[in-house]
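Numbering of ligands and ligand atoms starts at 1, following listing order. Heavy atoms only: backbone and side chains are in, while hydrogens, waters and symmetry mates are out. This chain uses plain numbering: 1 for the first residue, then up along the sequence.
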Amino acid sequence: MNFENILHETYNIDKDICRLGTLVEEELQPVFAKIDKIRDYNQIKVLNAMQEAGLAERHMQGTTGYGYDDIGRELLDRVYANVFDTEDALVRTQIVCGTQSLALCYYAVLRPGDELVAVTGRPYDTMDEIIGIRDNPSSLKSFGVTYKEVGLLEDGSPDYEGIAKTIGSNTKMAVIQRSRGYNYRDSFDIETIGKIISTIKSVNKNIVVMVDNCYGEFVDTAEPTNVGADLIAGSLIKNPGGGLALTGGYIAGKEHLVELCADRLTAPGLGKHVGASLGHNRQMIQGFYMAPHTVAESLKGAVFTAGLFEKLGFETSPASTARRSDIIQAIKFNDPEKLKCFCQSVQAAAPVDSFVCPEPWDMPGYEDPVIMAAGAFVQGASVELSADGPMREPFVAYMQGGLVYANVKLAALMGADRILKKE
Ligand SMILES: *Cc1c(COP(=O)(O)O)cnc(C)c1O
């Protein structure tokens with residue numbers, strides 16, 4: 001019995017598709033080898049940080065109530081700071097998601113009269129109400145924080161000149177989004193992020209540069225903080241949670257900025273000293289330990305999926321052999337039925353809720369109906385295999401995550417099989 005046979009016998013996937021999958025995998029071995037090298041490098045970084053912090057069984061216990069002297073929580077802050085090469089970090093279950101970790105950075109740093117500049121185009125959807133692009137009585141705008149945006153150039157690259165021109169005397173903070181989010185553009189590699197940061201700092205070195213690092217952690221050997229970012233933020237149900245963290249978010253960066261974030265999260269004066277970890281320390285620590293491996297599994301799944309669908313004539317972004325800076329894989333289907341079929345296959349291949357068949361629905365805050373596939377152990381965890389796409393031209397599926405490469409491979413082959421059988 002081999003992999004092709006079990007796919008055919010268990011899931012009735014056409015033998016030709018299975019063989020194509022094997023071929024794709026063979027051709028992509030050099031790409032996989034590069035992913036392994038990055039994984040191994042990052043694994044040593046994380047492992048060494050844990051050893052240097054003196055990780056022991058006692059750190060895995062939690063606290064209750066105020067959470068004073070939570071040695072596990074304090075250790076994890078040091079481990080994150082070490083790995084991201086920052087002065088300090090704030091890793092908390094009390095940060096409920098990526099959106100909150102980003103909002104925390106904004107509200108911690110910005111004061112009335114200050115200006116925020118987004119230098120890589122319109123930020124992720126959930127930032128709209130925080131910034132005040134869409135009205136909300138608690139937006140930054142309602143506190144008198146102004147906002148400007150520098151779009152990307154036609155080819156998707158940063159507009160360095162535009163950035164230098166837009167930054168003014170009121171600009172206190174600039175934000176870079178590393179990942180493509182749900183836009184059909186490339187994610188920014190670390191060198192490009194570094195170039196954007198130097199552009200900003202050459203105009204005014206006091207501007208606080210924050211990078212939305214969601215989906216980017218451990219995809220490369222360096223992080224935005226290695227190239228001058230003052231603050232980075234992300235979600236623990238994405239890359240750095242390694243698939244084990246049940247909730248949470250993190251911020252890492254300059255000590256005084258992390259302190260501002262901690263005071264904003266709890267209360268001025270309480271800062272980092274409170275926040276019971278309850279029973280979460282073990283999963284958060286072990287999850288970070290697993291993260292380089294989990295990210296590599298997702299990346300291999302994404303590369304395989306890209307390679308398979310390229311063989312079938314679809315456009316992908318990034319291409320299977322392209323350098324990556326996030327774990328998202330976009331596939332352009334140019335057909336609503338194929339997009340639906342792909343997402344339904346991802347759901348059918350999931351370990352949880354595989355019997356559910358997702359349909360497009362009118363999600364609040366989105367203009368077009370959206371189809372979403374997710375069968376995760378942790379609700380909404382997109383470091384686990386998931387896929388979604390807005391039902392509009394050119395019908396792009398955004399797939400991300402996958403704790404286990406073989407599972408992503410199954411999803412991709414199932415999607416290809418079902419799409420071809422419909423033709
Ligand atoms: C996921 C994501 C966010 C928001 O994270 P949530 O955890 O869903 O709140 C912000 N920015 C980017 C680029 C993301 O990918």
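- In this structure, ligand 1 sits under 4.0 Å from heavy atoms belonging to C97, G98, T99, L102, Y124, Q177, D212, C214, Y215, S235, K238.
- Salt bridge absent: K272 and D263 never bring a charged side-chain N and a carboxylate O closer than 4.0 Å.
- A salt bridge between E115 and K172 is absent, with no side-chain N of the basic residue lying under 4.0 Å from a carboxylate O of the acidic one.
- Residue pairs meeting the ring-ring contact (aromatic ring centres under 6.0 Å, His included) criterion with at least one partner in residues 198-233, sequence neighbours excluded, are F218-F288.
- Residues in residues 236-252 take part in these side-chain hydrogen bond (donor to acceptor under 3.5 Å, both in side chains) pairs, two or more places apart or across chains: N213-Y250, E217-Y250.
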Criterion ring-ring contact (aromatic ring centres under 6.0 Å, His included) on F32 and Y405, from CA distance to verdict: CA-CA 11 Å; F32 286 13; Y405 166 64; 5.5 Å; yes
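- Applying the side chain to side chain contact (heavy atoms under 4.5 Å, CB included) test to D85 and every residue at least two apart in sequence or in another chain returns N226.
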